[in-house]
Amino acid sequence: MRRAVALLSVPILLATAACSGSSKETTAAIGTVNSVHIAGPTSAPPTVSFKAPLTFEKTASKVVDKGSGTGPVIDKTSLVTVQYVAINASDESVFGSSWKGGPTTFYVNTVVKGFADGLVGARAGDRVLITSRARDAFGVTGNLASTVRPGDAVIFVVDVVKVAPTLRLPSGVPQLTYDAAGNPSKFTADAQTQKNPSTLGVYPVVQGPGPVVKSGDSISVEYFGQIHPDGNVFNAWTGQPFDLVLGAGNVIKGWDQGLVGQRVGSRIALVIPPRLGYGDKAQSSIPAGSTLVFVVQIVSVS
């Protein structure tokens, strides 16, 4: 059996609901990003010093070592590759680090709010210090498996290795828009949009760094679907993975054909004519004869 390959999961940093912190925040000294000192080259784990216990009234970040200043700017829709260290501000314990296992890749809006907010605006090559108040990290739930107690504030030091460029869809294809959280939410048409495409359209939006998926692979994806070119969204983005065997007829032909050859981590737009979709059969809120447009994000392969 082949090992599963999943590049988009950082378990200790998975997004949680925003919650109010516990009384622990009021007993610690209130600090800012200037209360934390970072030393060492960006080619190695940083040396982080501060006087614990600390808490933060607001989440903040600053670039402590600036890169070249070129390349895409990170926003909540970005796919990034980073090295990071995560520290409990209450007791100085390191509860997470990528430096032993190598850089980790994820979409920014899939990790805890403080980590995500702190990365926005950075570029590849930057070392970013993030001081996250408890409610933007793990709140009243904590992350006990990683020694973060309910109400603990946290500190992240993040070295941005790579920011994958987001590709604009070509003229004639409906354009993808995102919601405030950074999730794909809607395709919109303009005067140039082709109304009734007859062939399958496969358009990478973000190129992932993982292995190429093949027919017969078991893959996990996230997606949303809409009536082409700018009709009703019939499957909203949920962030919940959907599992399928590619090429086995588990899904419509447009998916089976369009996802072959794409890489794990990629976000792909698919424009699917009726003959590769549901044809002349209506499906719930999808009328017969509909052209469909999807965004599919490949999370893992096994």
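For S61 (side chain) and G118 (main-chain N/O), a donor-acceptor pair under 3.5 Å exists by modelled atom type. No donor-acceptor distance shorter than 3.5 angstrom exists from the side chain of S146 to the backbone of V148, with no hydrogens or angles considered. Looking at D217, its side chain never comes within 3.5 Å of a backbone N or O of I219 through a donor-acceptor pair. R123 places no side-chain N or O within donor-acceptor distance of the main-chain N or O of V163, the cut-off being under 3.5 Å. Remark: the backbone N or O of P53 is not paired with any side-chain donor or acceptor of S90 at under 3.5 angstrom. Checking side-chain atoms of S266 against main-chain N and O of G208 turns up a donor-acceptor pair under 3.5 Å. Side chain of D117 to backbone of G114: no donor-acceptor contact under 3.5 angstrom is found.
Of all the heavy atoms in T147 and F95, the pair that sits closest is OG1-CB, 3.6 Å. When every heavy atom of S185 is checked against every heavy atom of D179, the shortest pair comes out as OG-N, 3.5 Å. A pairwise comparison of heavy atoms in L54 and A28 identifies C-CB, 3.8 Å as the closest pair. Taking each heavy atom of V205 and A269 in turn, the nearest pair found is CG2-N, 4.0 Å. Across all non-hydrogen atoms, the minimal contact from Q226 to V233 is OE1-CG2, 3.8 Å.
Screening residues 92-102 for side-chain hydrogen bond (donor to acceptor under 3.5 Å, both in side chains), with sequence neighbours left out, gives Q83-S98, D91-S93. Sorted by first and then second residue, the pairs that involve residues 264-296 and meet ring pair (Phe, Tyr, Trp, His ring centres under 6.0 Å), not counting sequence neighbours, are F234-F294, W255-F294.
Using a 4.5 Å cut-off on side-chain heavy atoms (C-beta onward), Q297 and V295 make no contact. Counting heavy atoms from C-beta outward, P174 and T188 have side chains that stay 4.5 Å or more apart. Residues N88 and V94 are not in side-chain contact: their nearest non-hydrogen atoms beyond the backbone lie 4.5 Å or more apart. Contact check for F187 versus H228: no side-chain heavy atoms found under the 4.5 Å cut-off. N183 is not listed as a side-chain neighbour of T77, based on a closest heavy-atom distance of 4.5 Å or more.
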Apply side chain to side chain contact (heavy atoms under 4.5 Å, CB included) to residues R127 and V160 and explain how you reach the verdict.
CA-CA 6 Å; R127 170 168 279 181; V160 183; over 6 Å; no

Please report the C-alpha distance between V112 and D136 in whole Å, then the side-chain angles of each, then the deciding distance to 0.1 Å, and finally whether the side chain to side chain contact (heavy atoms under 4.5 Å, CB included) criterion is met.
CA-CA 7 Å; V112 294; D136 292 338; over 6 Å; no

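Counting heavy-atom neighbours within 6.0 Å of K51 NZ, excluding the residue itself, gives a total of 12 or less. The number of heavy atoms from other shown groups lying within 6.0 Å of NZ (K253) does not exceed 12. In the displayed structure, N232 atom CG is contacted under 6.0 Å by at most 12 heavy atoms of other residues, nucleotides or ligands. Counting non-hydrogen atoms of other residues, nucleotides and ligands closer than 6.0 Å to NZ of K162 gives a total of 12 or fewer.
Of the options V299, N250, V251, a side-chain contact (heavy atoms from CB on, under 4.5 Å) to F242 is made by V251 and by none of the others. The one candidate from D159, T104, V108, I74 that meets the side-chain contact (heavy atoms from CB on, under 4.5 Å) condition with V82 is T104.
Note on V63 and V161: separate hydrophobic clusters, where clusters join Ile, Leu, Val, Met, Phe, Trp and Tyr whose side-chain heavy atoms are under 4.5 Å apart, directly or indirectly. Under the 4.5 Å side-chain contact rule for hydrophobic residues, V120 and V33 do not share a cluster.
Residues F106 and Y84 keep their aromatic ring centres 6.0 Å or farther apart.
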